[in-house]
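Comments concern the structure below.
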Amino acid sequence: MSSALNASYFEFVTCKKGFFRYAELTFKTIKLLYDEKADVVFVQNPSIVLAFVVVALRRIFGYLSVVDEHNAGLFPLEGRSIFLKYIARWIVATSDIVIVTNKPLSDVCLEWGGDPIIVPDPLPTFDLKKHNKIKYEKFRLLFICSWAEDEPFYELLDAASMLDSDKYEIRITGKPPIGIEYKCPRSVALLGFVSDEDFISELFDSDAVIVLTKRDNCLNCGAYEAVSAGKPGILSNTLTLREYFSKGFLFTDNSPEDIRRSIEVLSADFDSHSKNIDSLKGLLGEVEAAALDKLKAAVYSKYQSDVN
């Protein structure tokens, strides 16, 4: 998004853990805000600490704060922490503008006193010429997974156990929980943590993708990546996902039986879904451009209002 908005991009990393990690990164962030003297500062939540610092200091340094809110930022720890829930709501209510990806999340931010604008995530850019699809004997699916509690990975593994391992292969990204390998049927391959380069290779070497969530108002990053790579796939059956990713995907109720059925249907009608993904890619590109123009106008209007 930084390149689309012609904004400078900064990222801080550290090998420190716990308190010392946050102390170092907070210091670097404050120093950057002082040195850059920016008119507008965009920040992503999570990190909730980073978003809190940027919003809290916006009047001191005199910039407009724009928080790109993700589900995990709006509902940290799935809402189990009262303290973090309060901080999340304060960030929304206090920031000058908050960015969300869909109307249900926008409604939440309005209820909390925020000023939201809907901007779906930009489609990632891949060099399609670098990646030639390798044809495998089996129908190969990439399950884009972080093994988080909102992802029904046990249901996926149960579904995989019902598939013919001579016909299907499901490759799963992310660092899995200890012992999960003993629950994996023959049709499943655990990739563990993969680098960005290896992930892109896995994505292009797959026939299709699977991205699942138990959240109602989540637009999965993996779905954007699938569209950009021209890969059809299977998503969870939520209104938010159905409305945005309206072509090239099948939608499952996350039960093992329905996941299995969706895989078999996708495999049988693969060519049709692949063509629909190409059509969806063009459509989402237009939606993205219009949303970014709307964001630029909102930021400019708010900035001019503050200046005057």
Side-chain angles (χ1 to χ4, degrees), residues 46 70-73 75-78 101 121 123-124 126 136 138-163 165 168-238 240-242 244-245 248-267 273 277:
H70 292 214
N71 284 70
F75 311 105
L77 297 181
E78 304 297 330
T101 58
D121 289 337
L123 292 176
F126 299 126
Y136 296 94
K138 299 179 182 181
F139 188 71
R140 199 177 206 195
L141 299 111
L142 183 66
F143 179 31
I144 302 175
C145 181
S146 60
W147 302 93
E149 58 184 299
D150 71 295
E151 296 170 303
F153 48 83
Y154 283 117
E155 289 85 342
L156 183 282
L157 295 179
D158 287 343
S161 68
M162 305 177 196
L163 294 170
S165 60
Y168 300 94
E169 180 182 17
I170 302 176
R171 299 168 68 81
I172 307 179
T173 65
K175 184 179 179 181
I178 295 174
I180 200 73
E181 62 271 18
Y182 300 112
K183 299 181 180 293
C184 293
R186 289 179 54 200
S187 57
V188 166
L190 298 176
L191 302 176
F193 176 80
V194 294
S195 66
D196 289 345
E197 183 178 351
D198 288 341
F199 171 77
I200 294 172
S201 295
E202 287 287 342
L203 178 61
F204 277 89
D205 283 346
S206 298
D207 294 298
V209 302
I210 303 174
V211 193
L212 303 176
T213 182
K214 297 176 184 177
R215 289 174 172 158
D216 287 333
N217 302 320
C218 180
L219 291 175
N220 309 90
C221 292
Y224 290 96
E225 291 160 342
V227 173
S228 188
K231 303 294 179 179
I234 298 167
L235 304 177
S236 296
N237 189 17
T238 69
T240 300
L241 287 168
R242 290 199 313 271
Y244 195 73
F245 298 104
F249 289 97
L250 295 177
F251 298 93
T252 175
D253 63 12
N254 290 340
S255 68
E257 295 78 13
D258 199 52
I259 295 172
R260 174 197 57 78
R261 182 196 63 80
S262 296
I263 291 173
E264 292 175 342
V265 171
L266 179 60
S267 174
H273 289 292
I277 277 291

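This is a predicted model, so every value here is computed, not measured.
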Sequence-distant partners of F153, ring pair (Phe, Tyr, Trp, His ring centres under 6.0 Å), two or more places apart |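 Residues passing ring pair (Phe, Tyr, Trp, His ring centres under 6.0 Å) with F153: W147.
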Return the set of residues passing ring pair (Phe, Tyr, Trp, His ring centres under 6.0 Å) with F249 (not counting sequence neighbours), or none when no residue passes.
->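 If we apply the ring pair (Phe, Tyr, Trp, His ring centres under 6.0 Å) test to F249, skipping adjacent residues, the hits are F245.
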Just jot down the side-chain hydrogen bond (donor to acceptor under 3.5 Å, both in side chains) partners of [X], sequence neighbours excluded, or say none.
X    : answer
E155 : none
E202 : R171
D150 : T213

How would you list all residue pairs meeting salt bridge (Lys or Arg N to Asp or Glu O under 4.0 Å) that involve residues 248-259, not counting sequence neighbours?
->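 For residues 248-259, and leaving out neighbouring residues, the salt bridge (Lys or Arg N to Asp or Glu O under 4.0 Å) pairs sorted by first residue read D258-R261.
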Could you grab the distance from atom [atom1] of [X] to atom [atom2] of [Y], nearest 0.5 Å is fine?
X    : Y    : atom1 : atom2 : answer
L141 : S206 : CG    : OG    : 7.5 Å
F143 : E151 : CZ    : CD    : 6.0 Å
L250 : S262 : CG    : OG    : 5.5 Å

Partner residues of D158 under the salt bridge (Lys or Arg N to Asp or Glu O under 4.0 Å) criterion, sequence neighbours left out |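 D158: no salt bridge (Lys or Arg N to Asp or Glu O under 4.0 Å) contacts found.
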Review item, side-chain donor-acceptor pairs of residues 222-229, under 3.5 Å, at least two apart:
| residue | atom | partner | partner atom | Å |
| --- | --- | --- | --- | --- |
| Y224 | OH | D121 | N | 3.3 |
| S228 | OG | P124 | O | 2.3 |

K214 NZ: over 12 foreign heavy atoms closer than 6.0 Å =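 It does: K214 NZ has more than 12 such atoms within range.
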Sequence neighbours excluded, which residues qualify as side chain to side chain contact (heavy atoms under 4.5 Å, CB included) partners of [X]?
X    : result
A72  : P46, R215
S165 : R186, S187
K138 : E169

Is the shortest heavy-atom distance from the side chain of [X] to the side chain of [Y] under 4.5 Å?
X    : Y    : value
I259 : L212 : yes
L266 : D207 : no
I263 : I210 : yes

Name the atoms and distances for all side-chain donor-acceptor pairs under 3.5 Å in residues 189-200, with sequence neighbours left out.
| residue | atom | partner | partner atom | Å |
| --- | --- | --- | --- | --- |
| S195 | OG | D198 | N | 3.1 |
| S195 | OG | D198 | OD2 | 3.3 |

